[in-house]
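Sequential numbering from 1 along the given sequence is applied to the chain's residues.
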Amino acid sequence: MIDYDRPVEAAPEVLTELWRRFDDDLDSRGLAAYARELGVEPPAEPEGYRGWEIVEAYPNDDFEHGVLYWLGPQEDHADD
């Protein structure tokens, strides 16, 4: 389940670049790493967690307007 309180927040041009890479070639972990390279920080909690991913989510079941969200921590995700 996605925590809808964790949208990726960045300048519009950075979000555009993340969407481009999401659509082109990066998986969810790769996109999270790329976002950090661009200066986008994941949520502060839980402190020290490094297994963040970025996924497309659809708040309020609005399937025409996806939003990038931080995903983690999850029981089945490695913390690396």
Close side-chain approach of [X] and [Y], heavy atoms under 4.5 Å:
X: L18; Y: L38; result: yes
X: P59; Y: V67; result: yes
X: W70; Y: V40; result: yes

The test is side chain to side chain contact (heavy atoms under 4.5 Å, CB included); show your working for L71 and W52 and say whether it passes.
CA-CA 6 Å; L71 178 64; W52 292 107; 5.9 Å; no
List in chain and number order the residues that pass salt bridge (charged side-chain N to carboxylate O under 4.0 Å, His left out) with R21, two or more places apart in sequence or in another chain; answer none if no residue qualifies.
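Only D25 meet the salt bridge (charged side-chain N to carboxylate O under 4.0 Å, His left out) criterion with R21.
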Taking salt bridge (charged side-chain N to carboxylate O under 4.0 Å, His left out) as the definition, give me every residue that meets it alongside E17, ordered by chain and number, with sequence neighbours left out.
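If we apply the salt bridge (charged side-chain N to carboxylate O under 4.0 Å, His left out) test to E17, skipping adjacent residues, the hits are R20.
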Just verifying a value: how many Å separate E56 CD and D23 CG, rounded to the nearest 0.5 Å?
7.5 Å
Ignoring hydrogens, what is the shortest heavy-atom contact between [X] and [Y]? Give both atom names and the distance.
X: Y69; Y: A57; answer: CD1-CB, 3.4 Å
X: G72; Y: R6; answer: O-NH1, 2.6 Å
X: L15; Y: A10; answer: CD1-O, 3.6 Å

Would you confirm whether D27, through its side chain, and R29, through its main-chain N or O, come within 3.5 Å as a donor-acceptor pair?
yes
Listed partners of A11 passing side chain to side chain contact (heavy atoms under 4.5 Å, CB included), at least two apart:
E13, V14
